[in-house]
Colleague: 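Can you keep this structure in mind? I'll have questions shortly.
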Amino acid sequence: MSNWPFRFLHAADFHLETTPFRIEDVPEHLAELMLESPYRAAQRVFDTALAENVDFVVLSGDLLHARHAGPRGPLFLAGHFQRLADRGIAVYWAGGRVDPPESWPPSIRLPDNVQRFPRTHPETMVHRRADTPLARLIGASRPSEGRMRLDRFVPEQAGLFTIAVAHGPASLAALRASRIDYWALGGRHSRRTLCEAMPVVHDPGTPQGRQPDESGPRGCTLVDVDASRNVRLASVNTDVLRWSYQSLSLDEGATRESLEREMRQRIESLKLESPETTLLISWQLAGVGDLAVRLRRGALGRELLAGLREEHGRTMPAAWSVALVVEPPTHHPTAWYEEDTLRGEFLRQLRHLEQSADEPLRLETCLAEPSAEAPLRELVANVPEAARAALLREAAMLGVDLLAGEDHES
Ligand SMILES: [Mn+2]
């Protein structure tokens, strides 16, 4: 059977109920944009579907928690689904963690172009263009418990291009072993193509990042399938706020001026990359030298942050600096380890602990009371391996600061 070329839009994780979080001091001029960002980004998804004239839209879950979003959420979706209906564009929607089909408020009517996949088993639907079958969709909403049964996503017969729609983690080996052409997944919140071909396994991510960790562009994906069933993915950015992590490393000779210059350059190039998007930048500074020490103590960090906000955060679209964090240095000047001082002794001990991973930290001996609370005792007695290096680094920084004497006041 020959497939027509066709095009669909794949999106997931709108999370209309969740506004940006893990951000302090939201300035007044960005407050509305923050609150509206999930809706504006989702609107861009629907605008894209219309502008690109897609045959249908595939939604892989977590569009909204209907109760948490309040009436606005379902009304918003129903309104945009209707815009698609008016243009004859079908919607295939599998529920995720927060949007099982049963949670849709019964008082709000879903337009007829919207097909929802049940939770209990994968259901098969055939999408037609003027009565000719174009693609087969097999979808299931995420089960309330347990993992997806991928072995149940099975096309009844070969021929038609088959799209599986699901939300949540899945083993790539199982996905690969299936007879599906395109796995339309959701749930990761970041855009990922887990497999490029045979089958394509793709998660478009959320249309709008919500927190510093969700950095970089976010959006949805346009999928073109040609007459020979080749798949081409095109990402469309829809985020109205873009989170960005910027790491800078300070060397011995760094000055406040050189740092400010570098930060300004970073901001300029970020703005060039996406001139129409409001940027939310988290700065991560690391390194050694006098400036690093001054940044870790005292008011300099706060001053820099205030300066960045003043200079770049007030324009629209803004480049707002969310936070400025100074990481503990990975090493200290070699001479400090040699010196015959408390600081030298302290650093040598920490270096020894760093180099001998089997050596216990014995933090419990630092607790004041032998009868200190059992959970705390338990916690300090069992520092996980992954946290050990960071803990020692933090301890070294604190010790160096406290034992440095008077030479590093800011
Ligand atoms: Mn989600």
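Both counts, for ligands and for their atoms, begin at 1 and track the order of listing.
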Colleague: With sequence neighbours excluded, tell me which residues meet side-chain contact (heavy atoms from CB on, under 4.5 Å) with P169.
Modeller: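 For P169 the side-chain contact (heavy atoms from CB on, under 4.5 Å) partners, ignoring immediate neighbours, are R142, R147.
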Colleague: Whether the side chain of S356 engages the backbone of H352 through a donor-acceptor N/O pair (distance < 3.5 Å, no angle test) should be reported.
Modeller: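 Yes, because the side chain of S356 sits within donor-acceptor range (under 3.5 Å) of the backbone of H352.
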Colleague: Is D226 paired with R232 through a side-chain N to carboxylate O contact shorter than 4.0 Å?
Modeller: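 No salt bridge links R232 with D226.
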Colleague: For the Mn ion (ligand 1), check which protein N, O or S atoms are under 2.8 Å away and list them.
Modeller: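 Per the 2.8 Å query on the Mn ion (ligand 1), atoms found are D13 OD1, H15 NE2, D62 OD2, H189 NE2.
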Colleague: Applying side-chain contact (heavy atoms from CB on, under 4.5 Å), name anything that partners P328, two or more places apart in sequence or on another chain.
Modeller: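 For P328, the residues satisfying side-chain contact (heavy atoms from CB on, under 4.5 Å) (neighbours in sequence not counted) are R393, E394, M397.
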Colleague: Flag the pair D203 and R191 as a salt bridge only when some basic side-chain nitrogen lies within less than 4.0 angstrom of an acidic carboxylate oxygen.
Modeller: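 No salt bridge links D203 with R191.
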Colleague: Under the side-chain contact (heavy atoms from CB on, under 4.5 Å) rule, collect the residues that match up with R388, sequence neighbours excluded.
Modeller: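 Only L353, E359, L361, L392 meet the side-chain contact (heavy atoms from CB on, under 4.5 Å) criterion with R388.
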